[in-house]
Amino acid sequence: MRVENISERVLMVDLEPSDTPGWLATYVIEGDGALAIIDPGPKSSLRALERLTEMLNPSRFEEVYAVLTHIHIDHSGVIGDLLELLPCARALVHPRGVKHLIDPSKLWQASLEVLGDVAGLLGEPRGAPQERVVSLENGAELDLGGLKLRALYTPGHAPHHVSYMLEPDGILFAGDSVANHFNGRIYPVTVYPFDGSEYLKSLDLLLKLQPRRIAVAHYGVVGEPEVFIQRARDKLVSWTHHIISAIEEGASEIEDIYRRILSRDVELAYAKRLEDSMPAFRGATYRVVAGLYNYLRDEEGACALASLDRWRSARDFINRSR
Ligand SMILES: [Zn+2]
């Protein structure tokens with residue numbers, strides 16, 4: 001288990017879930033009397049969380065929070081087990097996530113459909129006790145004893161996504177709201193049911209916050225937040241144009257579009273190569289292209305990210321060639 005100080009009172013922890021180091025970062029904030037664990041990970045991170053708990057000695061803290069950016073099982077799947085491990089802890093989540101933490105059966109079904117075998121690797125979540133799951137209002141501030149954590153709704157990657165700004169450190173915990181980041185290569189996490197219009201609005205909001213650093217779930221801490229956010233936005237626009245061009249040229253299968261983007265985007269190609277050595281990451285690059293394609297199929301989606309006229313002509317073309 002790799003543990004690193006990213007500021008005086010914030011740790012970055014690689015829980016290496018599903019034998020996949022370097023893929024998912026969990027962040028631990030130690031305030032005066034309050035402890036917060038941001039995105040404790042999937043069920044398969046439980047053993048590492050047990051070791052982390054021994055290291056942190058949570059009985060020193062009056063308040064213990066498991067704070068979720070969103071409920072995708074790679075971020076939240078361990079929550080039922082973690083609340084058992086930490087009997088004083090409460091889980092904090094967007095109001096739309098509450099019922100899925102208490103009864104994760106639908107979440108699990110959706111995960112099996114979207115992730116396939118990878119869902120099995122991450123593990124089936126168990127339910128959290130209702131009285132220990134707390135919903136977060138937009139703008140809510142959590143007092144962590146000398147530190148403040150503010151919740152900001154940032155839909156796009158998921159409709160219930162929340163990012164968190166830590167002051168005075170100026171660290172933004174962005175979950176999956178901006179991009180994935182592996183060794184300097186980035187790409188937006190446009191998995192189903194991605195909403196491009198909401199995503200762009202969320203990026204604008206995050207830019208206005210002027211964070212000093214951004215801590216992302218997959219993976220690590222990024223300096224130069226403005227550059228990072230702009231690169232994510234540019235990449236989304238570039239993928240959109242690749243998809244439209246592919247359709248104009250007659251591609252009708254997502255596989256063809258995926259291969260086309262992979263051959264033109266060295267950053268996505270880099271992430272694709274990582275899939276071979278990261279079991280929990282398998283199929284991830286295909287899912288982002290399929291998710292964006294799915295969003296663009298809808299006219300409003302196409303309008304939000306590209307010119308609607310161009311999209312219509314591409315769509316008419318594909319319909320004529322069927
Ligand atoms: Zn996610």
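Along the sequence shown, residues are numbered consecutively beginning with 1. Counting starts at 1 for both ligands and their atoms, following the listed order. The figures that follow rest on heavy atoms only: side chains count, while hydrogens, waters and symmetry mates do not. This is a predicted model, so every value here is computed, not measured.
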- Message: Can you confirm if the aromatic rings of Y199 and F194 lie within a centre distance of less than 6.0 Å?
- Response: yes
- Kindly check if the number of other-residue, nucleotide or ligand heavy atoms within 6.0 Å of CD (Q210) is above 12? no
- Task: Among Ile, Leu, Val, Met, Phe, Trp and Tyr joined by side-chain contacts under 4.5 Å, find the other residues sharing a cluster with L121 and list them by chain and number.
- Result: none
- Message: Strictly by side chain to side chain donor-acceptor pair (under 3.5 Å), give each pair with a member in residues 155-166 just once, sequence neighbours left out.
- Response: H70-H157, H72-H157, T154-H161, T154-S163, H157-D176, S163-S177
- Message: Under the rule for ring pair (Phe, Tyr, Trp, His ring centres under 6.0 Å), what residues qualify as partners of Y219, not counting sequence neighbours?
- Response: none
- Item | Flag if over 12 foreign heavy atoms under 6.0 Å of CD, E131 | yes
- Message: Just to be sure I understand the site: which N, O or S atoms from the protein are less than 2.8 Å away from the Zn ion (ligand 1)?
- Response: H70 NE2, H72 ND1, H157 NE2, D176 OD2
